[in-house]
Amino acid sequence: MYLLAIETSCDETAAAVFTDEPAVLANVVASQTDLHARFGGVVPEVAARAHLQRLLPVIDEALRKANVRLDQIGAVAVHNTPGLVGALLVGVSAAKMLSLALGVPLIAVNHVEAHVYAARLAAGRDIFPCLGLVVSGGHTSLFHCPTPLEFELLGATRDDAAGEAFDKVAALLGLGFPGGPAVEREAAGGDPAAFRFPRSFLHEDRLDFSFSGLKTAVLYTCFGQNAASTAPLPAGKKRADVAASFQQAVIDVLVEKSRQALRRTGLRRLAVGGGVAANKPFRAALERMAEAEGAELFIPPSALCTDNAAMAAQAVEKWRRQMWAPLDLDARPNYGA
C-alpha cells in the first residue's frame, strides 16, 4: 500500500511517497532558503505563497521518483500541526482535496512527533519505548514515548528554541541565514572554552530549557551592555570563538537534560530529531553521553533531521489503527492546542 505525505509547516515544501512497511520510495524537498535569507528569518506570508507555487510540482516529482501513479495512492498524510498557520493551510487544503478526489483516507500527523519518528524510520526497526528529543527552529522538547503514537511532554523551552537561538546569534555575528549551519561552520575554527556563556537550568531538577539568556550574553560579549550599534562582528578569532562557545553552551544543556531524562524515566533508548540534530558536534556529544549511560542512540541522517515529508511515515502507525482524520481537518499552529 502506498501513502503520499505532504509537509508545508514552515519554509520547506515537501512531499514523500512510502509504503505501509514503512519504506520510503521518494522524499522531495523544495527549500525556500533563498527567499528568506535577505530577511534573516522566515517570513510567514512569503512562505505560504511559495508553498502555493511549489507544492503540486513537488508532489508530481515525488510520485515520479517513486514510480507510483496518483491512482495507486491508498492514503494521504499531512502535517497539520504545529507550524505557521498560513503555510500549514496550503498543505492541509491540498491533502484534503486529494483525499476526497481519490476516495482514500486522510491522516493527520503532528510535525513535532514526526521528528522523533524520523529516527525510527532511519533505524528500520521499532525503537519504542524511547525518550524523544526534538531540537528545531521552533521547538526544543523532551518526550516520554511509550509507543509511536504516545508522547508525554517531560520538558520544553521556556522561551527561544535552540534553533531559533542559532539563527539569532548567527545574525549578531553576521553569518547569514539559516543560522545553524552557519554557526557550526564558524565554530569549527574557534575555541569552545574562550567564553563562559550561561547554561540555564543545567543542574536543576526540571527538564526545561531556556536560551534567551544565552542569546543576550552573546550580544553583550560582542557589543557591550550599552552599545549604540550592533553591527555584525567582523571575521576573525573573536567571532569564531564566540560561535564555538555559544554552540558548546547549547550542546552542554541539550546533552545534560537528555541524560537527566534518561535517568529519571529509566528508558534505555534516545531518539533525537529536528534541524539542530544535524549539527555534527552535537551528534558526537550525544553519542558519548549515550555510551556512558548505556543507552541506544537513534539519530536520522541530516536529510531526515531538517523538515521533510518522509517523517510523516508516522501515518503508517495510524493507518494500521484506522485513525483517519475528518475532511474538515484544520491547521493548528500551536503544539497541543
Side-chain angles (χ1 to χ4, degrees), residues 1-10 12-30 51 54-66 68-85 87-122 128 132 134 145 147-151 273-274 300 303-304 306-333 335:
M1 208 276 292
Y2 301 116
L3 294 90
L4 171 68
I6 294 170
E7 148 63 14
T8 62
S9 66
C10 190
E12 311 284 11
T13 311
V17 178
F18 44 82
T19 70
D20 55 353
E21 295 176 18
V24 178
L25 303 180
N27 185 30
V28 177
V29 179
H51 288 314
R54 300 178 180 189
L55 182 55
L56 292 182
V58 165
I59 291 172
D60 283 343
E61 179 70 2
L63 290 167
R64 186 190 66 79
K65 285 190 172 183
V68 172
R69 301 188 313 275
L70 191 58
D71 62 8
Q72 291 178 286
I73 295 298
V76 179
V78 63
H79 290 144
N80 75 306
T81 186
L84 303 173
V85 66
L88 286 168
L89 278 169
V90 176
V92 170
S93 298
K96 291 195 289 188
M97 177 273 294
L98 286 168
S99 169
L100 181 63
L102 297 173
V104 299
L106 176 68
I107 303 175
V109 178
N110 183 298
H111 176 85
V112 170
E113 295 174 3
H115 272 304
V116 174
Y117 197 82
R120 181 261 176 261
L121 193 63
F128 299 92
V134 176
C145 313
T147 74
L149 296 177
E150 293 179 88
F151 285 71
L304 290 180
T306 50
D307 288 350
N308 65 90
M311 66 189 194
Q314 187 197 34
V316 170
E317 308 292 343
K318 292 190 173 185
W319 164 265
R320 292 169 180 163
R321 297 162 178 79
Q322 297 189 13
M323 297 171 63
W324 318 139
L327 283 175
D328 63 354
L329 177 71
D330 205 354
R332 293 188 289 113
Y335 180 83

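Side chain of N27 to main chain of A310: a donor-acceptor pair is present (N/O by atom type, distance under 3.5 Å, no hydrogens or angles). In this structure a side-chain-to-backbone donor-acceptor pair under 3.5 Å is missing from T19 to M1. Here the side chain of T8 pairs a donor or acceptor atom with the backbone of A87 at under 3.5 angstrom. Formation of a donor-acceptor pair under 3.5 Å by the E7 side chain with backbone atoms of S9 is found in this model. Judged by distance alone, with hydrogens and angles left aside, the side-chain atoms of N80 form a donor-acceptor pair with the main-chain N or O of D330 at under 3.5 Å. Between the side chain of H111 and the backbone N or O of A312, no donor-acceptor pair lies under 3.5 Å.
The aromatic rings of Y117 and F128 sit parallel to each other, their planes meeting at less than 30°, with 60° as the upper class boundary.
For the pair P300 and L121, the minimum side-chain heavy-atom distance is 4.5 Å or more.
In plain terms, the two heavy atoms of V29 and N308 that are nearest each other are CG2-CB, 4.1 Å.
Among residues two or more places apart in sequence or in another chain, the salt bridge (Lys or Arg N to Asp or Glu O under 4.0 Å) test is passed with E150 by none. Considering only residues two or more places apart in sequence or on other chains, D328 meets the salt bridge (Lys or Arg N to Asp or Glu O under 4.0 Å) condition with none of them.
Taking NE2 of H115 as the reference point, atom OG1 of T306 lies at 8.0 Å (rounded to 0.5 Å). Separation of atoms CG (L84) and CG (L89) is listed at 11.0 Å; rounding is to 0.5 Å. From L55, atom CG reaches atom CD1 of I59 across 4.0 Å, with rounding to the nearest 0.5 Å.
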